[in-house]
Amino acid sequence: PYQFWFIRDLIILTIFSPILFWLLRSLKIWLLLFFLGLWLYNLDLVIIANEALLFFAIGGYLSLFQQDYVLHHFSQKKAIILLICWILIISLKTTMIHLDSATLFVTNIIHKIGILVGVLAVWGIYDLIAKRMDSKGSKYSFIFSFTFFIYAFHEPILTILKKGFYSILGQGEMNSIIIYFMAPTIAILSSILVGYFLKKVTLPFYS
């Protein structure tokens, strides 16, 4: 199943991690900049996604040289600024695509800048939410145990739902917006229900 591409890449990265460890210790931030260039310019590495390599290396760099940063909490002001920047970048990319006013390379670069800013924005907003919420004490906390199952199970369910809704509702911008929100919501709820049932009835199989 194609959603498990990252597990395949993670296996390969784990095999090569001693080499990556040595390179990070030797080259430090320069290695990350090299991997960033590979990712931005979409240079194919054949055996592994350049995206997986970059973010795996970032994780390795943080664990080696910036462990305190992993525990960093964003202030409310910084989190909101990052969120606004993220929305502006996404809006710019969408407008450029809609107006066909930029090359594929330019929109791809903006898209990837949006990913980097988006990671930090979600990190910051999550910090703000987590401060106000006791996730373990919540009556919905059991849902958190299904996060990987949702990820594993959501395809091909999501694709089937989208195609089914399009065949029923037809094409069109309004229908696309409705399906954009409705199909994932149903896919997530279905995944939780199936996961809950399997966990309840056949725990060894579910595990």
Side-chain angles (χ1 to χ4, degrees), residues 1-7 9-10 13 32 36 39 49 51-95 97 109-155 157-159 161-162 165 176-200 206-207:
Y2 68 86
Q3 66 266 36
F4 291 133
W5 67 268
F6 81 96
I7 294 179
D9 281 1
L10 189 58
L13 285 163
L32 295 188
L36 178 65
W39 182 54
E51 186 172 42
L53 182 62
L54 172 65
F55 286 99
F56 189 85
I58 290 173
Y61 178 83
L62 290 174
S63 69
L64 285 171
F65 306 111
Q66 300 286 340
Q67 289 187 15
D68 291 343
Y69 194 79
V70 179
L71 303 174
H72 177 74
H73 287 272
F74 289 94
S75 66
Q76 183 172 341
K77 183 180 178 181
K78 285 182 180 177
I80 291 171
I81 289 172
L82 283 167
L83 181 63
I84 291 169
C85 289
W86 186 29
I87 292 169
L88 288 173
I89 291 167
I90 293 169
S91 301
L92 174 64
K93 185 197 77 172
T94 305
T95 303
I97 291 171
I109 294 291
I110 294 171
H111 170 70
K112 289 185 174 180
I113 291 170
I115 290 173
L116 294 172
V117 175
V119 168
L120 295 174
V122 171
W123 186 349
I125 295 300
Y126 181 81
D127 278 349
L128 297 181
I129 294 170
K131 285 178 184 176
R132 296 173 172 81
M133 185 180 79
D134 177 16
S135 60
K136 290 182 180 178
S138 168
K139 62 182 178 180
Y140 302 111
S141 60
F142 77 96
I143 293 174
F144 302 151
S145 67
F146 297 111
T147 50
F148 185 77
F149 185 81
I150 293 169
Y151 183 78
F153 191 75
H154 83 284
E155 284 291 6
I157 304 298
L158 182 59
T159 299
L161 285 168
K162 284 195 293 185
F165 283 133
S176 293
I177 292 170
I178 292 168
I179 293 167
Y180 180 82
F181 289 103
M182 189 163 63
T185 302
I186 295 172
I188 290 168
L189 292 174
S190 301
S191 300
I192 292 170
L193 286 171
V194 172
Y196 179 79
F197 174 78
L198 290 175
K199 202 172 184 181
K200 196 90 172 172
Y206 177 83
S207 299

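These values consider heavy atoms only, across backbone and side chains, with no hydrogens, waters or symmetry-generated copies.
- To the nearest 0.5 Å, the span separating CD1 on Ile81 from CD on Gln76 amounts to 11.0 Å.
- Partners of Phe55 under the ring-ring contact (aromatic ring centres under 6.0 Å, His included) rule, at least two apart in sequence or in another chain, are Trp39.
- The local environment of OH in Tyr180 is sparse, with at most 12 non-hydrogen atoms from other residues, nucleotides or ligands closer than 6.0 Å.
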Checklist line | side chain to side chain contact (heavy atoms under 4.5 Å, CB included) evaluation trace for Ile58 with Tyr61 | finding: CA-CA 5 Å; Ile58 290 173; Tyr61 178 83; 5.6 Å; no

Next item on the list: Report the C-alpha separation of Phe56 and Asp9 in whole Å, then their side-chain angles, then the decisive distance to 0.1 Å, and conclude whether the side chain to side chain contact (heavy atoms under 4.5 Å, CB included) test is met.
Entry: CA-CA 10 Å; Phe56 189 85; Asp9 281 1; over 6 Å; no

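- Every residue meeting the side chain to side chain donor-acceptor pair (under 3.5 Å) condition with Ser145, not counting sequence neighbours, appears here in chain and number order: Lys199.
- Note that the CG atom of Leu128 and the CG atom of Leu83 stand 9.5 Å from one another [nearest 0.5 Å].
- Contact annotation: the side chain of Val122 approaches that of Trp86 to within less than 4.5 Å [non-hydrogen atoms, C-beta and beyond].
- Taking all atoms of both residues into account, the shortest heavy-atom contact from Ile89 to Gly114 is CG2-CA, 3.7 Å.
- Between Val194 and Phe149, some side-chain heavy-atom pair lies under the 4.5 Å cut-off.
- Every residue two or more places apart in sequence or in another chain that forms a side chain to side chain donor-acceptor pair (under 3.5 Å) with Glu155 is listed here: Tyr2, Thr159.
- The structure places CG of Asp127 at 5.5 Å from NE2 of His73, a figure rounded to the nearest 0.5 Å.
- Contact detail for Gly195 and Tyr206: the closest heavy-atom pair is O-CE1, 3.7 Å.
- Remark: Phe197 engages no residue in a ring-ring contact (aromatic ring centres under 6.0 Å, His included) (not counting sequence neighbours).
- The aromatic ring centroids of Phe146 and Phe153 lie 6.0 Å or more from each other.
- We find the CD1-CG distance between Ile186 and Leu193 to be 11.5 Å, quoted to the nearest 0.5 Å.
- Remark: Lys162 engages no residue in a side chain to side chain donor-acceptor pair (under 3.5 Å) (not counting sequence neighbours).
- Annotation for Leu13 and Ala52: closest pair CD1-O, 3.7 Å, computed over non-hydrogen atoms.
- What you find for Ala187 and Leu158 is that their closest heavy atoms are CB-CD1, 4.2 Å.
- Atom CZ of Phe6 is surrounded by more than 12 heavy atoms from other residues, nucleotides or ligands within 6.0 Å.
- For the atom pair Ile87 CD1 and Leu92 CG, the distance stands at 13.5 Å (nearest 0.5 Å).
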Item checked: side chain to side chain contact (heavy atoms under 4.5 Å, CB included) between Leu120 and Phe74, worked out -> CA-CA 9 Å; Leu120 295 174; Phe74 289 94; 4.1 Å; yes

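- For Lys78, there are no side chain to side chain donor-acceptor pair (under 3.5 Å) partners two or more places apart in sequence or in a different chain.
- Interatomic distance, Thr94 OG1 to His111 NE2, rounded to the nearest 0.5 Å: 10.5 Å.
- Residues Leu54 and Leu32 approach most closely at CD1-O, 3.9 Å, considering heavy atoms.
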